[in-house]
There are 2 protein chains.
Amino acid sequence: MDIEQTKIPQATAKRLPLYYRFINNLHSQGKLRVSSKELSEAVKVDSATIRRDFSYFGALGKKGYGYNVEHLLSFFRKTLDQDEVTEVALIGVGNLGTAFLNYNFMKNNNTRIKIAFDADQKRVGTEVGGVDVEHIDDLEKKLGNVSVAILTVPSSAAQGMADRLVEAGISAILNFTPARITVPSSVRVHHIDLAVELQALVYFLKHYPLEEAEEE
Amino acid sequence: MDIEQTKIPQATAKRLPLYYRFINNLHSQGKLRVSSKELSEAVKVDSATIRRDFSYFGALGKKGYGYNVEHLLSFFRKTLDQDEVTEVALIGVGNLGTAFLNYNFMKNNNTRIKIAFDADQKRVGTEVGGVDVEHIDDLEKKLGNVSVAILTVPSSAAQGMADRLVEAGISAILNFTPARITVPSSVRVHHIDLAVELQALVYFLKHYPLEEAEEE
DNA sequence: AAGAAGTCGTTAAATGTTTCACATAGTAAG
DNA sequence: CTTACTATGTGAAACATTTAACGACTTCTT
Ligand SMILES: NC(=O)c1ccc[n+]([C@@H]2O[C@H](COP(=O)([O-])OP(=O)(O)OC[C@H]3O[C@@H](n4cnc5c(N)ncnc54)[C@H](O)[C@@H]3O)[C@@H](O)[C@H]2O)c1
Ligand SMILES: NC(=O)c1ccc[n+]([C@@H]2O[C@H](COP(=O)([O-])OP(=O)(O)OC[C@H]3O[C@@H](n4cnc5c(N)ncnc54)[C@H](O)[C@@H]3O)[C@@H](O)[C@H]2O)c1
């Protein structure tokens, strides 16, 4: 299935959820049509880029009119598989893990943290944000067919846990630890390194001067 | 100052903090030298890319030898301004904000959350992770000369707070809310949209098949 | 001391992404 | 129906980033 979708540039694919969320907002506001220019201002992506992104999926708009919100939304729903919910496991119910559990990724999305694991007996058996916390020793037993994991354990435990998750059948890991984990080539890992993001911002601030502010 | 640093590609600049952290680790382990190949395996960046990245700063290594860890470290310390600490303000001490305050960004870094603000009276006056929480009404009074802000308020408050931060003299914002905020061109904003990251991972998982695993 | 092995720094090629600019096809209005 | 407008979809150019390949120099080995 989805033979030709492989050709969609990764940069485009990363923007799709962003588009989806905004189109969803428009729809709940009762808006009927939208132009690439309007979208551009809202999501801060060049309008030509938006048109190009959409064009990979065919002609979604009408010349001289723009895009029909309803049509766009139902298209994205299909494309991003918004109908089926992807269940996610969270490993490490510490500061960051707790924040994620309390935040409801469901609000706009098709993802749901279904189960959480921790090594600390004090946390096991509790419920955080409506999600049960299980002991990490029960990982294999309780994981079910969940295929995506959010990793928020201490970095020293990251590689070990990654190995175990892979062994247990996980296909994708969202890794928040600073450790760059190694996994088989069949497993997808995205790293979100918050300390690096903050440092990079500071570096840009100091070394890449921006235009002077124009008073508005 | 730093006239020619402007030429360093953004993609390279984003990787610098990552390199720095790993070189720091090597140094505390007492390692004396390292090759681009070793670095590559550790940080998961192609070795040619690492050599290219380093080369923007001149000849940091020696042919046939690799890089001297001590030398590399002291170079990065200078380049990334690791000597001076950049002070940061955090706006919105909720789930995510609390996690950031409890996490010590200082451990490896040159950034420190110095002060936090919230609108909720119940939080004001408390201390989270050693950082005082002030009332948002006192923002202008208490901000001092902090120039970087982490924004973790509800998305409905994001644009309003961004406007106020800019007015108060902030030059860079790390925005964790889903709202794409608008700021004057003199202010730098990085968006980290965790829900989008999770959805993008799921999209890649479903639409971009990876190679079959090879048993090791 | 000479040859083998290793690794950088860089030139050039390949690949990926964004942006410009406009013909085109459709809308809107009289 | 005709005219004026509007905003798409895309070819081509510009820009950015990654990767391959290798000459030059260093270190290591014998
Ligand atoms: N909190 C932040 O703001 C922040 C920022 C940047 C990076 N990080 C990274 O995110 C990760 C988590 O950070 P945190 O602040 O939530 O840490 P934390 O110490 O608060 O939480 C870690 C949790 O993992 C659990 N744990 C430890 N070993 C485990 C194992 N083998 N299996 C399962 N659970 C285990 C602990 O019991 C604890 O509850 C760390 O790697 C940290 O470097 C956090
Ligand atoms: N928690 C997560 O895992 C997560 C994930 C993705 C995105 N986000 C985004 O991050 C932001 C924060 O999320 P959260 O879960 O921490 O929310 P939260 O509701 O727990 O925290 C928000 C905090 O901001 C404070 N606040 C509200 N208005 C304010 C104002 N005008 N000035 C100062 N403080 C104000 C509130 O009192 C509260 O303490 C939200 O925009 C959310 O969409 C959070």
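Naming: A, B, ... by sequence-line order, numbering from 1 per chain.
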Tell me what A:Y67 touches on the nucleic acid: a base, only sugar-phosphate, or nothing, going by heavy atoms under 4.0 Å.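 Sugar-phosphate: the residue A:Y67, judged by heavy atoms under 4.0 Å, touches backbone atoms but no base.
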Can you sort out the partners of [X] under side-chain contact (heavy atoms from CB on, under 4.5 Å), two or more places apart, ordered by chain and number?
X: A:S74; value: none
X: A:V69; value: A:I23, A:L26, A:H27, A:V34
X: A:N68; value: A:Y65, A:E70, A:H71

Nucleotide range of DNA chain D lying under 4.0 Å from chain A heavy atoms: D:dT6 to D:dA12
Please write out each protein N/O paired with an N/O of nucleotides 13-17 of chain C under 3.5 Å, distance rounded to 0.1 Å.
| unit_1 | atom_1 | unit_2 | atom_2 | d |
| --- | --- | --- | --- | --- |
| C:dT17 | OP1 | A:A11 | N | 3.4 |

For B:R21, side chain to side chain donor-acceptor pair (under 3.5 Å) partners two or more places apart: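 Only A:D193 meet the side chain to side chain donor-acceptor pair (under 3.5 Å) criterion with B:R21.
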Among residues at least two apart in sequence or on other chains, which ones pass ring-ring contact (aromatic ring centres under 6.0 Å, His included) with B:H190? A:F204
Could I get the full list of ring-ring contact (aromatic ring centres under 6.0 Å, His included) partners for B:Y103, not counting sequence neighbours? B:F105
Heavy-atom count around A:K37 NZ within 6.0 Å, excluding the residue itself: above 12?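 12 or below, so no.
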Give me the residues of residues 30-46 of chain A where at least one heavy atom lies under 4.0 Å from an atom of DNA chain C, by number, or none.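 Within this stretch, A:R33, A:D46 sit under 4.0 Å of the strand.
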Output a table of donor-acceptor pairs, distance under 3.5 Å, between side-chain atoms of residues 53-64 of chain A and any protein atom two or more places apart or on a different chain; print 'none' if there are none.
| unit_1 | atom_1 | unit_2 | atom_2 | d |
| --- | --- | --- | --- | --- |
| A:D53 | OD1 | A:T12 | OG1 | 2.7 |
| A:D53 | OD1 | A:R15 | NH2 | 3.1 |
| A:D53 | OD2 | A:R15 | NE | 2.7 |
| A:D53 | OD2 | A:R15 | NH2 | 3.2 |
| A:D53 | OD2 | A:Y19 | OH | 2.5 |
| A:S55 | OG | A:R52 | O | 2.7 |

Is there any protein nitrogen or oxygen under 3.5 Å from a nitrogen or oxygen in nucleotides 24-26 of chain C, and what are the pairs?
none

Please list, one pair per line, the donor and acceptor atoms closer than 3.5 Å that link side chains of residues 171-179 of chain A to other protein atoms, with sequence neighbours excluded.
| unit_1 | atom_1 | unit_2 | atom_2 | d |
| --- | --- | --- | --- | --- |
| A:N175 | OD1 | A:T177 | N | 2.9 |
| A:N175 | OD1 | A:T177 | OG1 | 2.8 |
| A:N175 | ND2 | A:A179 | O | 2.8 |
| A:N175 | ND2 | A:H191 | ND1 | 3.1 |
| A:T177 | OG1 | A:A179 | N | 3.3 |

